[in-house]
2 protein chains.
Amino acid sequence: MKAGRAFRSNRATRPHPVLPGSEDMPARERAYHDLRYRILTGRLAPGTTLLETELAALLSLSRTPVREAAIKLAEEGLVNIRARHGITVCDLSLCDVAEVLDVFSALEIRAVALVARRGLSHGEHNHLSGLLDRMERYTANGNIVRWSDLDDDFHSSMVSLCGNARLQRTLGEYWGQQFRARMLILPLRPVPHQSDKEHREILAAVHARDEEAARHAHERHRARADAQQLALLKNHLPPGDSTDSQEDMR
Amino acid sequence: MKAGRAFRSNRATRPHPVLPGSEDMPARERAYHDLRYRILTGRLAPGTTLLETELAALLSLSRTPVREAAIKLAEEGLVNIRARHGITVCDLSLCDVAEVLDVFSALEIRAVALVARRGLSHGEHNHLSGLLDRMERYTANGNIVRWSDLDDDFHSSMVSLCGNARLQRTLGEYWGQQFRARMLILPLRPVPHQSDKEHREILAAVHARDEEAARHAHERHRARADAQQLALLKNHLPPGDSTDSQEDMR
DNA sequence: GCCAATCCTTATGTATACGTTATCTGCCTT
DNA sequence: AAGGCAGATAACGTATACATAAGGATTGGC
């Protein structure tokens, strides 16, 4: 069924932490990926405001594809479009991150439950288990940056096996916002012994096809990890009463 | 069809089962709402294919706003855009509905848990309780159509109290697809005594601010109701291996 | 008679032009 | 001096024009 390709299709949930190389895609997608990349890597800092015309000039395109890209980024919560005031890169408030994590975790928990229901092939289990091996080595070395990369890979790989394309797609839409928050606290993160332990529990439950156990394991993992992340952010972010999300407000 | 305007911001989760009256909104939004309305009410039947130009003519607009509306509808899973082949109204396969319900219920369960955490004001509880009263009367009368309207109202009203704007927004994006499935099985639906009972349990748990109980009550409700819905649809829909969703496939 | 290649048609993607409206500024009035 | 109104500027929303490429059809060759 799903043997070979299986993972790797993290693209669905993990759309471009790096820019693949400005391939030959339609201009609208180039604009979208380019801007997204610049925002996620901080090269377009939160608060930066640009007009459609300026963005178009920046990307050497006309307003039409840039506009469509901006709309998509706004729907993902990365920028805020205010008519006649330009397109502003959202700065994440604590409140925003809490909202994002709430949605993200609810969906991810469901995804893990689905994977448990469907079961893992031998290769899939090996891949995930291998990721955890490497993460544990990084934990031992105290290399949080590399660990974090693999953590994301583990979560994304798991989700990519859930078999629900819509679920993957929506998780992908939230991935960017979650990624930004994750990057912010990266240097503050304690050594993730507890996460390593929880990941093993999750994988074991999924491998055993115990849907209930998998759901609970992942639920606990996300609840704890999200709470920790919010606690770390609390000292480094404005509380923000749902900052410049996108809707109304004026 | 839709009775008494509900009360307030159901708009977030319940975007336009009826057309508000072609208000003076930007053309792009008019196009979006108009097309969405036509699809949800079946006036644009599944399988219908129109070119951008034809849609533009249909709505007396130029291609630009129609195109943006079509993209948004495609992201919601209501139409499928195939370059040079036109914009096709998706027909829901059983597989699609299963995916939608999976995402929808995961999010709704989380929303109900949030409402339980935050608690209900006196007025809010009264409103929800009043809805259940009226639903139970319709159940007694066997008026499934009216009951279904209020059921939607109950779920949407509950969600609108969760306090997480992103959660509401994403639920709203899935609402259309879920609505179409709901309409399909409306005439097949048995008298919903069980749902009425479960709704009372959910409201009681939320009112008692018992987050765990609320989550479990809603989880059971959705699991049972979704399974029933899928069972009813099974005889009336093609199984469909993820029909014309939108990605790849050419 | 069937298959393939080329040409034509046309839908889309992108660029640009145009009109409307909002914001900002400056001046006038109170 | 302060506030309001009016006018100008320009950004956005929409319309349209243009170029590219894909699909289909027709014709010719095997």
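No hydrogens, no waters, no symmetry mates; every other heavy atom, side chains included, goes into these values. Proteins come first, then strands; the chains are lettered A, B, ... in the order of their sequence lines, and each starts at number 1. Quantities reported herein were computed from a predicted structural model and do not represent experimental measurements.
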Interatomic distance where CD belongs to A:Glu68 and P belongs to D:dC12 [whole Å]
15 Å
Could you state the atom-to-atom distance from CD of B:Glu54 to P of C:dT12 in whole Å?
9 Å
By nearest nucleotide on DNA chain C, pick out whichever of A:Glu29 and A:Ala83 is the more 5' one.
A:Glu29
Quiz question: by atom type and distance under 3.5 Å, do the side chains of A:Asp96 and A:Ser93 form a donor-acceptor pair?
yes
We want to know whether A:Arg82 and A:Thr49 form a side-chain donor-acceptor pair, criterion being a heavy-atom distance below 3.5 angstrom.
no
Across the strands shown, which category fits A:Arg63 at heavy-atom distances under 4.0 angstrom: base, sugar-phosphate, nothing?
base
Can you tell me how far the CZ atom of B:Arg30 sits from the CG atom of B:Leu59, to the nearest 0.5 Å?
8.5 Å
Given the structure, check if the side chain of A:Thr64 and the base of C:dA15 hold any donor-acceptor pair shorter than 3.5 Å.
yes
Could you state the CD1-C1' distance from A:Ile87 to D:dG13, rounded to the nearest angstrom?
13 Å
I want to verify a distance call: between D:dG13, C:dG13, D:dA11, whose nearest atom is closest to the A:Leu51 side chain?
D:dA11
In whole angstrom, give the distance that lies between atom CD of B:Glu52 and atom P of D:dT16.
15 Å
Rounded to the nearest angstrom, tell me the gap between atom CZ in A:Arg82 and atom C1' in C:dT21.
17 Å
Please confirm whether the backbone N or O of B:Glu99 pairs with a side-chain atom of A:Asn164, one donor and one acceptor, at under 3.5 Å?
yes
Find the distance A:Met25:CE to C:dG13:C1' and express it as a whole number of Å.
15 Å
From OH of B:Tyr32 over to P of D:dG13, roughly how many Å is that when rounded to an integer?
17 Å
Using a cut-off of strictly less than 4.0 Å, decide whether A:His85 has a side-chain nitrogen or oxygen near OP1 or OP2 of C:dT23.
yes
Please figure out whether A:Arg84 or B:Arg67 has its closest DNA chain C nucleotide nearer the 5' end.
B:Arg67
